[in-house]
Amino acid sequence: MNPCGVKVFEPIWFHLLGGLMKNLRKARQARGLTVQELADILGFSRNAVTRYELGTRSPDAEFIKKASKALNKSADYLLGLIEEDKDLK
C-alpha cells in the first residue's frame with residue numbers, strides 16, 4: 001500500500017529479480033565461474049551480468065535462455081519460481 005492507503009501492484013519482474021539475483025549467483029558459483037567468465041560464455045558484458053545478480057537490472061528472455069543453457073539450470077530455477085536446483089538432463 002502506498003501512503004494514501006491505495007494498494008499498489010508491483011510488476012511481476014519486481015518479484016522475480018530477487019530469485020534471479022540469488023539463484024543466478026548460486027548457479028554460477030557452483031560451476032566455478034567468475035562473473036567475467038559467465039559474461040564471455042553468454043555474450044553479455046560483465047556489468048550486465050553483475051546487474052542481473054544484484055537485481056538492479058531486469059534480464060530479457062535471451063539472457064535467461066542463454067544462462068539456463070550455460071549453467072544447466074531451468075529458467076524457472078534461475079527466476080526463483082522453484083527452489084529445486086537439479087541439473088537439467
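Counting from 1, the numbers follow the sequence of the chain as shown.
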Task: Heavy-atom side-chain contact between Arg28 and Glu53 under 4.5 Å - done: yes

Task: Minimum heavy-atom distance Arg31-Asn72, with the two atoms named - done: NH2-CB, 3.1 Å

Task: Shortest non-hydrogen contact between Ser68 and Ala75, atoms and distance - done: OG-N, 3.5 Å

TODO: For Lys66, enumerate each residue passing the salt bridge (Lys or Arg N to Asp or Glu O under 4.0 Å) test, keeping only those at least two apart in sequence or located in another chain.
DONE: Glu62

Review item, side-chain donor-acceptor pairs of residues 40-47, under 3.5 Å, at least two apart:
unit_1, atom_1, unit_2, atom_2, d
Asp40, OD1, Gln36, NE2, 2.8
Ser45, OG, Ala48, N, 3.0

- [ ] For residues Lys73 and Asn23, determine if any side-chain heavy atom of one lies less than 4.5 Å from a side-chain heavy atom of the other.
- [x] no

Open item on the list: Could you report the tightest heavy-atom contact between Leu78 and Ile64, atom names first, then the distance?
Closed with: CD1-O, 4.3 Å

Task: Where Arg57 and Tyr52 come nearest, the two heavy atoms and their spacing - done: O-CD2, 3.4 Å

Task: Backbone N/O of Thr34 and side chain of Glu37: donor-acceptor pair under 3.5 Å - done: yes

Task: Close side-chain approach of Thr50 and Thr56, heavy atoms under 4.5 Å - done: no

